[in-house]
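One structure below.
Note that the structure is predicted; figures quoted are calculated from it, not measured. In what follows, every heavy atom counts, from backbone to side chain, and hydrogens, waters and symmetry copies are set aside. To find a chain, count down the sequence lines: A is the first, B the second, and so on, and within it residues start at 1.
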Protein chains: 2
Amino acid sequence: MNFLNSSRRRSESAVDRVADALRTGLMTRRFAPGQRLIEADLTEEFQVSRGTLRQAFSRLESDGLIDIVPNRGAIVRQMSQRDVLELFQIRSELEGLAARLAASRMSDPAVKARFKADIAAIWEEQPRVDGGRYLDENSGFHQAILVAADNQQLASICGQFHLHMIMGQVGRALGGEAMARSVEEHRHIADAILECDPDRADRLMREHLLRALQLSQA
Amino acid sequence: MNFLNSSRRRSESAVDRVADALRTGLMTRRFAPGQRLIEADLTEEFQVSRGTLRQAFSRLESDGLIDIVPNRGAIVRQMSQRDVLELFQIRSELEGLAARLAASRMSDPAVKARFKADIAAIWEEQPRVDGGRYLDENSGFHQAILVAADNQQLASICGQFHLHMIMGQVGRALGGEAMARSVEEHRHIADAILECDPDRADRLMREHLLRALQLSQA
DNA sequence: CTAGCAAAATTGTTCGACAATACTGTTCGA
DNA sequence: TCGAACAGTATTGTCGAACAATTTTGCTAG
């Protein structure tokens, strides 16, 4: 999954490295919700000082991935059903906006070409049997829309939401027919965007996410 | 960005205190955009260790208020015209959603009563001459809607945006007639919400924010 | 006046220390 | 036996000093 691997930049600070590692651990469920993250253990594992580790904690806390409770330290955040619901409402708005913006930028041929290239994968015929590959495709699709929308703040915020969604295990355990349906919806959304139809793109995107919510609640 | 952390910790840790102080300093323009925040100066001023200060920095960075550049430290973020525009687009979506949610909850008499009480100030007759008081009223109005909307994640994220907006000096230097117009719009939005008309509330809120954007760009 | 170099400032990170608070297991009295 | 007081341990919150790496500044020579 491409959102898990961290490109090792030379100038990556220790704080960045640790924060990324923790994020990965959180997403892969190595650290379970509710679990306490003991500083002594992690400084040992990552070979960093407590100060560095605590900076990383601060960052993850601001990202909403963990809670820091006074005198009890860092605790892996648990998302309630309600949290998931609230986040989905918000995400629908933002991704709807992204779809609308993307659609309205398709009059620019360069943007359109780039978008087409980015979403090429969704037109492939063979059925999605591999869950991991489907997730990559899904991730890539939404990412491509954000790129086309050309709103960096929006991209940044939606990136965060993506993390949360994965954290909440939404979209795991999708059945084959659910994936097929999702792929189908992606294509319809892509059509609307490519045809410069902001309203339709927006509406389809919202419906798409609503469906995903229903699947996850089932 | 801190979407999920809505629960305020009541114990005032040193990190919290410093982060709050820095936030205030940022908003009041005591620290100007582009300015470097020198650790030695601030540890001296706040009487905390570098570790504590750096934790606060980490938090502000995740909130998007400062940038941390390797080997150059914390730098007050400058918002470009484009950033402001992008944020406004996003804020319109989210506050529109909030207005819609709030309107749809007005069937609950308790919620309605609470909302009415919260926004009592906007019905006052005397003209808004004092910019500070207007800003408070404006802030209270949007806050009341978020409370009524009953979506904690949304409230949290919108709170962040508020910071950014102030950082971007949007909504400063409003003329008297602009304030009067804004108050007028607030009343129309409140009407729509109280009448349980989600679509109208949403639309009016978006128009309201769009107008604010135009004013700020002028 | 500029290039280049040395000195000073500043950051990134570590380590060890200490008090404050939370957790745990044990003992003691009813 | 049960539960409450207690003491010991674990863990966190914060500090201060230290050091290398990097950036910035100031000075000098050309």
What side-chain donor-acceptor pairs closer than 3.5 Å can you find for residues 105-113 of chain A, not counting sequence neighbours?
residue	atom	partner	partner atom	Å
A:R105	NH1	A:A148	O	2.6
A:D108	OD1	A:A110	N	2.9
A:K112	NZ	A:L194	O	3.2

side-chain contact (heavy atoms from CB on, under 4.5 Å) with [X]: which residues, sequence neighbours excluded?
X	value
B:A103	B:I193, B:P198, B:A201
A:E185	A:R181, A:H208, A:R211
B:A19	B:R23, B:A56, B:L60

Per the under-4.0 Å heavy-atom filter, residues of residues 50-58 of chain A near DNA chain D come out as A:R50, A:R54
Could you list the residues that satisfy side chain to side chain donor-acceptor pair (under 3.5 Å) with [X], not counting sequence neighbours?
X	value
B:D20	none
A:S104	none
B:R100	A:E93, B:D202
B:R36	none

What nitrogen or oxygen pairs link the protein and nucleotides 6-9 of chain C at under 3.5 Å?
none

What contact category does B:V18 fall into here, base, sugar-phosphate, or nothing, at under 4.0 angstrom with non-hydrogen atoms?
nothing
| task | Check whether any side-chain heavy atom of A:R17 lies under 4.5 Å from a side-chain heavy atom of A:V48, and answer yes or no. | result |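 The answer is yes, as the side chains (C-beta and beyond) meet within the 4.5 Å cut-off.
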Residues at least two apart in sequence or cross-chain that pass ring pair (Phe, Tyr, Trp, His ring centres under 6.0 Å) with B:F141, listed by chain then number, are B:H186
Protein and nucleotides 23-26 of chain D: nitrogen or oxygen contacts under 3.5 angstrom:
residue	atom	partner	partner atom	Å
D:dT24	OP1	B:R72	NE	2.4
D:dT24	OP1	B:R72	NH2	2.8

